[in-house]
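Taking it in order: structure first as structure tokens, then the write-up.
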Amino acid sequence: MKPDLIAHAVNLLSKGEVVGIPTETVYGLAGDITQPEAIRQIFSLKNRPLNHPLIVHIGNKDDLNLYAKNIPQEVEKLIQHFWPGPLTFLLEKQTTISDLITGNQTSVAIRMPAHPITLAIIQQLGHPIAAPSANRFGHTSPTIAEHVTEEFDKKIYVVDGGRCSMGMESTIVDVRKKNQGQIVRQGLITASDLNEVLGKEWVITNAKNTSHTPGNLPNHYAPTKPLFLFQTQAELNEINQQYQNNVYLIYISDILEKNNVLTFKMPNEALAYAYQLYYQLRLADQTNAAVIALELPPTHTEKWQAIHDKLQRAKIN
Ligand code: TXA
Ligand code: MG
């Protein structure tokens with residue numbers, strides 16, 4: 001690992017500064033949860049409304065009990081199976097979590113990330129870190145350190161931990177009710193994945209109305225250039241015509257007839273697709289193309305739901 005980078009990040013965090021950190025999902029904008037100034041700084045750097053709560057990242061599974069209470073026993077099974085990893089639990093908060101972090105809600109979102117550098121940072125700091133995705137509010141999440149540096153005009157120190165291995169945000173599951181959990185933000189861990197690990201008496205479903213959480217706002221994850229989604233050759237032709245072929249094309253099917261200079265072919269498998277999605281949107285954003293046209297993946301199985309969900313929120317309305 002990189003002991004110098006880790007020590008530097010720990011030093012900055014302990015002084016109440018905000019630091020960009022790698023996780024397996026996306027890069028985070030981290031602050032020590034015990035330092036209100038750091039937490040305020042996260043909201044202000046992101047330009048994020050104060051009522052949109054932050055996820056708390058812990059360095060040890062057992063620490064969950066220090067920050068959440070009334071944890072159902074079945075949650076333990078999920079922790080043993082999925083942590084460290086891209087699964088966030090929504091639980092009742094302890095008083096160790098400030099109202100600033102939870103936007104005055106009685107719940108707290110907690111996960112243990114699966115990146116060795118960030119786990120070492122949290123452990124050496126001796127406190128959890130609050131970390132939203134390291135992008136301006138509503139913008140595409142970053143999956144490499146350079147994207148974070150650009151996003152905040154080099155104002156913050158970013159720990160370079162390489163490219164995020166998942167490339168998409170964690171699944172958030174509300175487990176505050178007995179015997180039933182609700183996924184309030186979809187991710188690459190699906191309801192079926194969770195139900196497979198749980199006993200029959202517990203069922204996880206996808207929540208229907210989650211419009212109050214920012215990850216679920218209609219406009220989110222969006223690149224700077226307009227993003228058009230298309231399904232047919234005719235739709236692509238129309239976009240190309242409108243923008244004189246000055247269109248960055250992100251496609252998936254082989255049959256497409258392309259006049260575009262700038263293109264990227266996406267993989268056919270959901271995890272591989274998610275790994276590329278934000279990364280490619282940001283690469284496309286850095287070019288001179290007027291707009292981005294993205295071919296909707298034809299598959300709608302459960303593993304693809306989170307991808308379709310993000311695409312619908314990232315597109316131009
Ligand atoms: O993979 C991830 O979860 C990444 C990495 C950095 O860990 N983090 C992330 O954070 O996606 P952020 O802030 O971009 O999204 C957090 C989501 C928001 O939709 C927020 O509303 C929801 O979590 N959330 C956090 N605390 C909550 C709470 N107490 N109640 C309801 N929703 C909460
Ligand atoms: Mg985010």
Side-chain angles (χ1 to χ4, degrees), residues 18-31 33 39 42-43 45-59 67-69 82-94 97-115 117-119 121-122 128-145 147-148 151 158-159 161 164-176 182-189 207 209-222 274 278 306 309-310 313-314:
V18 170
V19 172
I21 50 123
T23 84
E24 80 283 27
T25 60
V26 298
Y27 271 74
L29 196 59
I33 66 155
I39 305 303
I42 292 174
F43 282 98
L45 275 168
K46 269 190 76 103
N47 205 5
R48 176 162 165 151
L50 282 169
N51 61 351
H52 290 308
L54 308 178
I55 295 178
V56 171
H57 296 68
I58 57 176
Y67 305 102
K69 60 185 177 187
F82 292 103
W83 272 11
L87 181 63
T88 299
F89 294 104
L90 211 56
L91 285 158
E92 276 178 56
K93 83 174 190 76
Q94 298 258 27
I97 299 291
S98 76
D99 289 338
L100 199 55
I101 291 172
T102 63
N104 283 323
Q105 309 207 44
T106 54
S107 61
V108 60
I110 304 185
R111 84 176 188 105
M112 181 181 177
H115 196 295
I117 291 181
T118 288
L119 285 177
I121 290 173
I122 299 168
I129 52 180
S133 52
N135 49 275
R136 282 174 287 111
F137 191 61
H139 196 213
T140 313
S141 311
T143 54
I144 57 171
H147 289 168
V148 185
E151 186 85 0
V158 184
V159 185
C164 302
S165 60
M166 309 290 299
M168 191 171 277
E169 290 86 351
S170 61
T171 302
I172 306 182
V173 60
D174 184 345
V175 288
R176 284 173 296 167
Q182 286 212 317
I183 292 182
V184 295
R185 182 178 71 183
Q186 296 195 345
L188 299 171
I189 295 178
N209 186 5
T210 54
S211 50
H212 55 284
T213 44
N216 293 315
L217 293 177
N219 298 313
H220 226 70
Y221 313 111
Y278 294 157
D309 180 70
K310 310 286 180 208
R313 296 176 206 282

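Atoms within each ligand, like the ligands themselves, are counted from 1 in listed order.
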Closer than 4.0 angstrom: is that true for some heavy atom of R48 and an atom of ligand 1?
yes
So, regarding Y27 and ligand 1 (criterion: nitrogen or oxygen to nitrogen or oxygen, under 3.5 Å), is there a contact or not?
no
Which is closest to atom 17 (C) of ligand 1 in terms of heavy atoms, I172, L188, V184?
I172
Compare all side-chain heavy atoms of P132 with those of I42 and state whether any distance is below 4.5 angstrom.
yes
Just by modelled atom types, is the H220 backbone N or O under 3.5 Å from a matching donor or acceptor in the K310 side chain?
no
Under 2.8 Å: N/O/S of Y221 next to the Mg ion (ligand 2):
no
Name the orientation class of the two ring planes belonging to Y278 and Y221 (parallel below 30°, tilted from 30 to 60°, perpendicular beyond 60°).
parallel
Look at R111 together with E24 and state whether they make a salt bridge at an N to O cut-off of under 4.0 Å.
yes
Do NZ/NE/NH1/NH2 and the carboxylate oxygens of D309 and R185 come within less than 4.0 Å?
no
Return yes when R185 approaches ligand 1 closer than 4.0 angstrom through a heavy atom, no otherwise.
yes
Q94 (side chain) donor-acceptor with A68 (main chain) under 3.5 angstrom:
yes
Option set A131, C164, A134, criterion heavy-atom distance to atom 8 (N) of ligand 1, minimum:
A131
Within the structure, does T102 bring an N/O atom to less than 3.5 angstrom of an N/O atom in ligand 1?
no
Do any N/O atoms on T23 end up under 3.5 angstrom from N/O atoms on ligand 1?
no
Does a donor on one side chain sit under 3.5 Å from an acceptor on the other, for S107 and E92?
no
Answer with side chain, backbone, both or neither: which part of K93 has a heavy atom less than 4.0 angstrom from an atom of ligand 1?
neither
Does ligand 1 have an atom under 4.0 Å from some heavy atom of H57?
yes
Taking only heavy atoms of E169, which atoms of ligand 1 are found under 4.0 Å from at least one of them?
1 (O), 11 (O)
If you compare P22, S107, A30 by their heavy atoms, the one closest to atom 30 (N) of ligand 1 turns out to be S107
Report the distance from atom CG of L29 to atom CG of L54, rounding to the nearest 0.5 Å.
9.0 Å
So, S170 and T88: side-chain donor and acceptor under 3.5 Å apart, yes or no?
yes
Yes or no: does M166 have any heavy atom under 4.0 Å from an atom of ligand 1?
no
